[in-house]
Amino acid sequence: MPNPLFYRNVVPLNRETHRALRLKSPDQPLDYARGAHLIPALIDEFATAAPEIPIAFLPGAAQPTAVFVTGIRPGSNAFVTPEGRWDAAYVPAYLRRYPFIIGNVPNADPVFCIDDRYEGFDEKTGEPLFSASGEPTQRIAEALQFANNYQTAAERTDAFGRKLQELGLFRSVSLDAKMPDGESTVVHGLLIVDEEVLTGLPDDKFLELRRGGYLKPIYAHLLSLGIISRLTGKAGARAPAPAPAEPAPVSDA
């Protein structure tokens, strides 16, 4: 099974194997996300993130998956600064959870795991993950709770996507954008809620959305689409400056 986005080598956290492991902040904390123009989103985040980060959906095998649109060209994240930091007040939970994750094992209980290739892991500096006697530290307790909460919220988000799909509320879109330098770019394969179909739902189906607590995230998603144009400005600011022209040769003649 492939590793999740950003994770390079997911392994169970082990008090013996990882007894000496410490966690520090790398010089560029979010450098690993620099090339991600889409990042998984949770239904719980929609309302808070909507004023800053566009939210859309990707088609999935079981149901569409909610994502933050963080760039208008594949391979480029407009929210990660040259210093590897996040350029917005709201940081997606997917990034805040890394490098920890709950691993699902067939026919067994979920396992708390880490990406052991994360640059922030060290054996000399940083916060210890275990005490000298091998007991998990407060840092691990907090990371485990956050990872469990993330897992629960992800299940709610999947249920949300299934309900919207069941009601036929999605439509496919492509994001066309023109960069400040004149270059055009297109992001294909996204889904958004069709407002016309939403408005035309029978009363009983609309009531299902209200009772499920889905109306607020739907409207937050729709609101967030209005700020997609801001990504072109952010992306333009992240683009490297053109190389200076070579000086013309000077003749002595």
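All values below were derived from every heavy atom in this structure, side-chain atoms included, with hydrogens, water molecules and symmetry-related copies excluded. Source: prediction; values computed, not measured.
Between P26 and Y118 the shortest heavy-atom distance is CD-OH, 3.3 Å. Between R230 and P51 the shortest heavy-atom distance is NH1-O, 3.3 Å. The minimum heavy-atom distance between K24 and T125, with the atom names listed, is CD-OG1, 3.5 Å. The two atoms that bring A41 and T157 nearest to each other are O-CG2, 3.7 Å, heavy atoms only. Considering all non-hydrogen atoms of both residues, G161 and F170 come closest at O-CE1, 3.7 Å. Residue V10 comes nearest to I101 through the heavy atom pair CG1-CG2, 3.9 Å, listed as atom of the first residue, atom of the second, then distance.
Residue pairs satisfying the salt bridge (Lys or Arg N to Asp or Glu O under 4.0 Å) criterion with at least one member in residues 54-72, sequence neighbours excluded, are absent. Sorted by first then second residue, the salt bridge (Lys or Arg N to Asp or Glu O under 4.0 Å) pairs that include residues 148-158, not counting sequence neighbours, are D44-R156.
Scanning for side chain to side chain contact (heavy atoms under 4.5 Å, CB included) contacts around R19 gives E16, F130, with sequence neighbours left out. When the side chain to side chain contact (heavy atoms under 4.5 Å, CB included) test is applied to P110, the partners found at least two apart in sequence or on another chain are I102, N104. Contacts of R85 classified as salt bridge (charged side-chain N to carboxylate O under 4.0 Å, His left out), with partners at least two apart in sequence or in another chain: none. For R34, the salt bridge (charged side-chain N to carboxylate O under 4.0 Å, His left out) partners two or more places apart in sequence, or in a different chain, are D31. Looking at residues two or more places apart in sequence or on another chain, you find a side chain to side chain contact (heavy atoms under 4.5 Å, CB included) between A159 and R162, Y214. Residues satisfying the salt bridge (charged side-chain N to carboxylate O under 4.0 Å, His left out) test with R117, not counting sequence neighbours, are none. Remark: E135 engages R15 in a salt bridge (charged side-chain N to carboxylate O under 4.0 Å, His left out) (not counting sequence neighbours). Legend: residues meeting ring pair (Phe, Tyr, Trp, His ring centres under 6.0 Å) with Y32, ordered by chain and number and at least two apart, are F6, Y98.
Surrounding CD of E195 are at most 12 heavy atoms belonging to other residues, nucleotides or ligands under 6.0 Å away.
A donor-acceptor contact shorter than 3.5 Å is absent between the side chain of H221 and the backbone of P217. Between the S76 side chain and the G35 main chain, no donor and acceptor come within less than 3.5 Å of each other. Not a single donor-acceptor pair under 3.5 Å links the side chain of D115 to the backbone N or O of P99.
Atom OG1 in T70 sits 6.0 Å away from atom CG in L38 (nearest 0.5 Å). Rounding to the nearest 0.5 Å places CG of L21 at 5.0 Å from CG of L129. Taken from CD in E166 to CD in Q63, the straight-line distance is 12.0 Å, to the nearest 0.5 Å. Taking CZ of F46 as the start and OH of Y219 as the end, the distance is 15.0 Å to the nearest 0.5 Å.
Looking only at side-chain heavy atoms (C-beta outward), I53 and E45 stay at 4.5 Å or farther from each other. Between V69 and I228, the closest side-chain pair of non-hydrogen atoms is not below 4.5 Å. Side-chain contact between F79 and P92 is absent, with no heavy atoms from C-beta onward closer than 4.5 Å. L164 has its side chain out of reach of P64: every pair of non-hydrogen atoms, C-beta onward, lies at least 4.5 Å apart. I114 has its side chain out of reach of Y7: every pair of non-hydrogen atoms, C-beta onward, lies at least 4.5 Å apart.
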Only distances under 3.5 Å count here; give the side-chain donor-acceptor pairs of residues 54-62 to other protein atoms, sequence neighbours excluded, each with its distance to 0.1 Å.
none

Which side-chain N or O atoms in residues 204-211 pair as donor and acceptor under 3.5 Å with protein atoms at least two apart or in another chain?
from	atom 1	to	atom 2	distance (Å)
E208	OE1	K163	NZ	2.9

| Trace of the side chain to side chain contact (heavy atoms under 4.5 Å, CB included) decision for N148 with L144 | CA-CA 6 Å; N148 279 324; L144 175 59; 3.6 Å; yes
| field | H188/S174 under side-chain hydrogen bond (donor to acceptor under 3.5 Å, both in side chains): CA gap, chis, key distance, verdict | value | CA-CA 5 Å; H188 296 289; S174 293; 3.1 Å; yes
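Here the rule is side chain to side chain contact (heavy atoms under 4.5 Å, CB included) with L169, and of L201, L191, D194 only L201 fits it.
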